[in-house]
Amino acid sequence: MERSQLERQRVAKLERLREAGVDPYPHRVDRTHTISQALETLETAEGQGAEGAQIAGVAVAGRLRSIRTMGKVTFAHIDDGTGAIQLFLRVQQLGDGAYRMFKQNFDLGDFVGAHGALMRTRTGEISVLADRITMLAKAISPLPVVKEREEDGETVRFSAFSDLEERYRQRYADLASNAGVREIFRVRARVMSALRRFLDERRFLEVETPILQPLYGGAAARPFTTHHNQLDQDLYLRISFELYLKRLVVGMYERVYEIGHDFRNEGVSHKHNPEFTQLEFYAAYLDYHDVMELTEDMVAYAAEEVLGSAVIQYQGHEIDLSPPWRRVTLRQAALEVTGVDYASHPTAPELAAAMEAQGLAARTDATWGYLIDKGLLGAVEPTLIQPTFIIDYPRDISPLAKAKPGDPMHVERFEFFIGGLELGNAFTELNDPFDQEQRFIEMGQLYGPDDEEAHPLDEDYLRAMKYGMPPNGGFGMGVDRLIMLLTDQVSIREVILYPHMRTKE
RNA sequence: GGGCCGUUAGCUCAGCCUGGCAGAGCAGGGGCCUUUUAAGCCUUUGGUCGCAGGUUCGAAUCCUGCACGGCCCA
């Protein structure tokens, strides 16, 4: 192990501890209070009139965050994740030897235990006046030092651990030194549990379906491939849960949902990670209008549960997630933003020409559906700051959605957008096996045999549908993006603990 | 895939344009200090300047390639 000067100094301190008979990595810890409990304990005692009280026999533990030595007295802060508390270390209480031991061999970043009395210092800060200080785990590598000061109610940080690459590669160090990052993943956990609670309360059954699939489907995306050696079988990592969940609806579970990871072998960007968290649900006897209501209720519920309000701040915008959300057809929205009415240009060359006439880039090799999805909707997307359902998509790009009655061009499908981000996709599910087979065949013709974004024809899925699939509404949402929204983050990497990074060297 | 930007001490950054002894703050070491909180004061250590080539008497600095990252575009 190659060591920096700082690491060598810390190893020397560790050896000095050992020579003094101190185990720098002891097995057991005597702790009576978490730090937040300790702070509460003194406040409660004071609230009951015990002004100036000391509470003896308190033991706390945590990581050393700051050390200020003034001769024979030292102030330090430790942090255990529940909060931070000041340690008040004096020769008088600790004794000469222990005090020297601390000054010489304890460093920022070490995990320590402190035993003593809860009290307030002259400046009024709750502190542990320590009569014993114990090494719990010596840190060899120095964590980035982050100092803060309150200034007009704002926390001003001096120096920081802010290099994005190193923060993501060494998330442990990022979390250990940046409390704000820790908070993001606490919010994330609360969002996940709020989503589950919302669905559980509405009689949805949480299920788990295969990640390794012999055939991929349910989305237009390129899969990761892998191989089972003993079976000598090629397998794909799922790109969606859709086809497996709808098989369960055939199997008489009226309402199912799954939260898990999808894998898409595509570009990495501030909005895309190759592995991301998806929520899908399917509910028998609902159509896409019902699913819209569930969607707006669920998102508003999550915000209220986690942030205490359905009105959120995102990138300087105030966004109101309260139902009902605006509903507008894709055709209308595209016309308003781009001036192009795709319905009057029903072929790819005509539509491309119309788009170019409006100054929009249009790939000449693209299909009609692609031009609408990437070209027109792509222009609309950043304008959708307040929550919006874009409804009624072209049939060509929606092979699993049920047709819109009396409108051969469209299906009953919506996507929803908040803060300029696409959050999810849903439809009245196609449950007619004959129509479904026809759609698969059309997709095959549209994409050509080698295009991995095409939906391969899933015979088993068709077989399931032939047993009878009740009318149902389905829904999929990128959970990471919802969390970006609720934590005011622009990059998906800030809400995924270990985002994908290219291997170095 | 393309364009632009970045990579210098443990961390955050100067230095590069205009080539000439590698710097600052924090952290670390030594010293003073028994109520501090970005503690303070004195002192001091620490570098594969991302990697590999090239140009030059001389390269952190100029040029080329590569790696990793960021932003924008596809």
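Here is how names work: the chains are called A, B, and so on, in the same order as the sequence lines, proteins then strands, and each is numbered from 1.
- Pairing partner, B:rA67: B:rU7, with both Watson-Crick or wobble hydrogen-bond distances short of 3.5 Å.
- Evaluation of the side chain to side chain donor-acceptor pair (under 3.5 Å) rule for A:Asn178 yields A:Arg157, A:Asp174 as partners, not counting sequence neighbours.
- Qualifying salt bridge (Lys or Arg N to Asp or Glu O under 4.0 Å) partners for A:Arg63, counting only residues two or more places apart in sequence or in other chains: none.
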Only distances under 3.5 Å count here; give the side-chain donor-acceptor pairs of residues 106-114 of chain A to other protein atoms, sequence neighbours excluded, each with its distance to 0.1 Å.
from	atom 1	to	atom 2	distance (Å)
A:Asp107	OD1	A:Lys13	NZ	2.5
A:Asp107	OD2	A:Lys13	NZ	3.2
A:Asp107	OD2	A:Lys138	NZ	2.7
A:Asp110	OD1	A:Ala139	N	2.9
A:Asp110	OD2	A:Asp107	N	2.7
A:Asp110	OD2	A:Lys138	NZ	2.8

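- Residues meeting the side chain to side chain donor-acceptor pair (under 3.5 Å) test with A:Gln489, sequence neighbours left out: none.
- Residue pairs meeting the ring pair (Phe, Tyr, Trp, His ring centres under 6.0 Å) criterion with at least one partner in residues 63-87 of chain A, sequence neighbours excluded, are A:Phe75-A:Phe88.
- In this structure A:Thr123 satisfies the side-chain contact (heavy atoms from CB on, under 4.5 Å) test together with A:Thr121, A:Glu125, sequence neighbours excluded.
- Listed by residue number, A:Leu164, A:Glu165, A:Arg169 are the residues of residues 164-185 of chain A with a heavy-atom contact under 4.0 Å to RNA chain B.
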Using nucleotides 22-25 of chain B, report all nitrogen or oxygen pairs with the protein that are shorter than 3.5 Å.
none

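- Under the salt bridge (Lys or Arg N to Asp or Glu O under 4.0 Å) criterion, A:Lys271 pairs with A:Glu381, sequence neighbours left out.
- Listed by chain and residue number, A:Arg363, A:Tyr370, A:Leu371 satisfy the side-chain contact (heavy atoms from CB on, under 4.5 Å) test with A:Ala366 (two or more places apart in sequence, or in another chain).
- Shown here are the side chain to side chain donor-acceptor pair (under 3.5 Å) partners of A:His345, two or more places apart in sequence or in another chain: there are none.
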B/S/- contact track for nucleotides 30-41 of chain B, protein heavy atom under 4.0 Å: ---BBBBBBB--
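- Across all strands shown, B:rC32 forms a Watson-Crick or G-U wobble pair with B:rG40, both key distances being under 3.5 Å.
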